[in-house]
**Q** 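If you scroll down you'll find the structure; I have some questions about it.
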Amino acid sequence: MLYSIRMRSAQGGAHEHGGHHISGAERLITTQDLTTITEKLIQRALTHEKGRADFIRLTIEEVKPKDIITIPMLKMETYTAINVSDGHKNACEFLANAGISKIAIDNAMSSLLSLQENMRGAILIDATTGKRLDNTGMRGIRVSRMDFKDTLQAKKHFDELGYTDNHVQEALVLASKVLSAPNVVGELCWSDDPNYIIGYVSANNIYHRITKMKPLHSSQGGRVFFVKTPVDITALQNYLERQPVLVDINL
Ligand code: WAQ
Ligand code: MG
Ligand code: MG
Ligand code: MG
């Protein structure tokens, strides 16, 4: 049996009461791992580089095996950027190569660059018109109920490649799930963690890791998912938030 475990944390009270988002996490794990992972997620919220959370919400729910789907992991390619503007320029090219319009790419970039406050979820943007499609405001759409199919195997795989930081592993799981959604054709992301400047674009089945997407010490970060219309937004949101997905690194 697997459990979905979700954590979100904030400072200055709960998110819905104006607290600032500190960090979140979502895993899909066995009963056996539940207590150790829970402890790790609480520690993450209490010792985060953005500050100590004074609000932590943990949600743990059983997931039925018959509801789970398995998907392949995106292939990773790294682009070594000279500076942030070179990183952004290449990010825009990777997105354009997936058929995403200039206006949609420009709107996505300026949405992330104008954020005054961290969202805890992502913005959905129409890949053609560039209009925002979700109505979740500053909350955004939080993708959850996903993990590696075999956590130990994935950890060993990434350790061998030297990717020991969990940002990359969590991002690959999320990006693989997001791009697996029928109407999603691309994603743009960089972290809101002040010391983490690497970001990515996923498109055309590739996770393009881009080594500089923001200046060091900036806490401006976020995510945009590019959506092909027409789309049933409720069905898409339901897939992203609720469909249990395991990512198989061997597929
Ligand atoms: N669903 C939707 N949006 C999310 C989620 C989620 N589960 N988790 C985070 N976000 C959004 C939210 O707006 C955050 O403020 C923002 O993304 C950044 O989240 O080395 O670690 O977890 O290859 O800080 C990418 C590069 C790291 C990794 C991204 O983002 C690499 C990262 P963070
Ligand atoms: Mg994260
Ligand atoms: Mg897709
Ligand atoms: Mg973060």
Side-chain angles (χ1 to χ4, degrees), residues 4-10 15 20-28 41 44-45 48-51 53 71-74 76-81 87 91 98-100 108 111-112 115 117-124 127 134 136-147 158 161-214 218-228 231 236-237 239-242 245:
S4 156
I5 172 162
R6 308 195 293 285
M7 183 279 286
R8 62 177 165 102
S9 62
H15 299 86
H20 299 287
H21 178 62
I22 294 288
S23 89
E26 30 282 310
R27 303 288 307 271
L28 209 51
L41 296 185
R44 177 189 297 203
H48 201 276
E49 58 169 300
K50 284 168 72 184
I71 63 166
M73 183 171 73
L74 295 173
M76 176 154 74
E77 289 179 12
T78 300
Y79 176 75
T80 307
I100 298 163
S111 302
L112 294 187
L115 286 176
E117 176 67 51
N118 291 143
M119 298 174 68
R120 69 179 203 259
I123 297 168
L124 301 186
D134 64 289
T136 58
M138 277 306 292
R139 175 188 183 275
I141 292 189
R142 184 95 195 172
V143 186
S144 61
R145 296 177 169 82
M146 71 275 185
D147 213 320
F158 288 106
L161 291 170
Y163 301 128
T164 49
D165 192 298
N166 59 22
H167 286 86
V168 57
Q169 305 184 20
E170 290 180 4
L172 262 167
V173 168
L174 183 147
S176 298
K177 178 176 179 184
V178 169
L179 211 59
S180 78
N183 291 79
V184 176
V185 292
E187 178 184 354
L188 170 66
C189 162
W190 64 88
S191 182
D192 57 346
D193 302 357
N195 291 310
Y196 207 83
I197 64 170
I198 305 169
Y200 68 89
V201 158
S202 64
N204 293 320
N205 269 326
I206 296 174
Y207 177 95
H208 296 279
R209 188 168 200 239
I210 304 172
T211 57
K212 285 193 187 73
M213 287 298 277
K214 70 170 188 189
S218 160
S219 58
Q220 199 174 49
R223 281 183 157 92
V224 174
F225 305 156
F226 296 91
V227 178
K228 239 197 165 78
V231 62
L236 175 59
Q237 191 167 347
Y239 180 85
L240 295 170
E241 293 179 340
R242 307 200 57 87
V245 169

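Note that the structure is a prediction, hence the values are computed from the model and not measured. Read the numbers this way: they start at 1 and go in the same order the structure lists the ligands and their atoms. FYI, side chains are in, hydrogens and waters are out, and symmetry mates aren't considered; it's all heavy atoms of this structure.
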**Q** Please state which protein non-hydrogen atom is closest to atom 21 (O) of ligand 1 and give its distance, to 0.1 Å?
**A** H167 CD2, 3.0 Å
**Q** Is the contact between S144 and ligand 1 made by the side chain, the backbone, both, or neither, using heavy atoms and a 4.0 Å cut-off?
**A** neither
**Q** Below 4.0 Å, non-hydrogen atoms only: which portion of L240 touches ligand 1? Side chain, backbone, both or neither.
**A** neither
**Q** If the cut-off is 4.0 Å to any non-hydrogen atom of D193, which atoms of ligand 1 fall inside it?
**A** 24 (O)
**Q** Atoms of ligand 1 less than 4.0 Å from R209 heavy atoms?
**A** 20 (O), 23 (O), 31 (C)
**Q** Quick check: does S191 get an N/O under 3.5 Å from an N/O on ligand 1?
**A** yes
**Q** Among all the protein's non-hydrogen atoms, which is closest to atom 2 (C) of ligand 1, and how far away is it?
**A** I141 O, 3.0 Å
**Q** Give the residue, atom name and distance (to 0.1 Å) of the protein heavy atom nearest atom 14 (C) of ligand 1.
**A** M119 O, 3.7 Å
**Q** Heavy atom under 4.0 Å from ligand 1: found in R120's side chain, backbone, both, or neither?
**A** backbone
**Q** If I consider every N, O or S atom in D192, which one ends up closest to the Mg ion (ligand 4)? I only need its name.
**A** OD1
**Q** Are side-chain N/O atoms of H15 and R139 paired as donor and acceptor at under 3.5 Å?
**A** no
**Q** Is the shortest distance from a heavy atom of C189 to ligand 1 less than 4.0 Å?
**A** yes
**Q** Classify the ring geometry of Y196 against H167: parallel below 30°, tilted from 30° to 60°, perpendicular beyond 60°.
**A** parallel
**Q** Output yes when the distance from some N or O of ligand 1 to some N or O of R142 is under 3.5 Å, and no in every other case.
**A** yes
**Q** To the nearest 0.1 Å, how far is atom 16 (C) of ligand 1 from its closest protein heavy atom, and which atom is that?
**A** G222 CA, 3.6 Å
**Q** Could an N or O of ligand 1 be found under 3.5 Å from any N or O of G121, whether backbone or side chain?
**A** yes
**Q** Do any of the N, O or S atoms of V178 sit under 2.8 Å from the Mg ion (ligand 3)?
**A** no
**Q** For N/O/S atoms only: which one belongs to D193 and is nearest the Mg ion (ligand 4)?
**A** OD1
**Q** Give the numbers and elements of all ligand 1 atoms closer than 4.0 Å to a heavy atom of L174.
**A** 1 (N), 5 (C), 6 (C), 7 (N)
**Q** Quick one: do Y239 and V245 satisfy side-chain contact (heavy atoms from CB on, under 4.5 Å)? Show the steps, please.
**A** CA-CA 9 Å; Y239 180 85; V245 169; 4.0 Å; yes
**Q** Purely on distance, is any nitrogen or oxygen of V143 under 3.5 Å from one on ligand 1?
**A** yes
**Q** Where the Mg ion (ligand 3) is the centre, what is the O-to-O angle for L179 and V184, rounded to 10°?
**A** 110°
**Q** Measure the CG-OG distance between L74 and S202 for me, rounded to the nearest 0.5 Å.
**A** 6.0 Å
**Q** Among all protein heavy atoms, pick out the one at the shortest distance from atom 26 (C) of ligand 1; state its residue, atom name and that distance to 0.1 Å.
**A** I198 O, 3.4 Å
**Q** For atom 20 (O) of ligand 1, which of F225, Y196, W190 has the closest heavy atom?
**A** Y196
**Q** Of the listed options (H48, R223, M76), which comes nearest to atom 9 (C) of ligand 1 when hydrogens are ignored and any heavy atom counts?
**A** R223
**Q** With E170, which of R44, K177, R27 fulfils salt bridge (Lys or Arg N to Asp or Glu O under 4.0 Å)?
**A** R44
**Q** Under 3.5 Å, N or O to N or O, is Y207 touching ligand 1 that way?
**A** yes
**Q** Do any N/O atoms on Y200 end up under 3.5 angstrom from N/O atoms on ligand 1?
**A** no
**Q** Please could you name the atoms of ligand 1 that E26 approaches to less than 4.0 Å, counting only its heavy atoms?
**A** 7 (N)
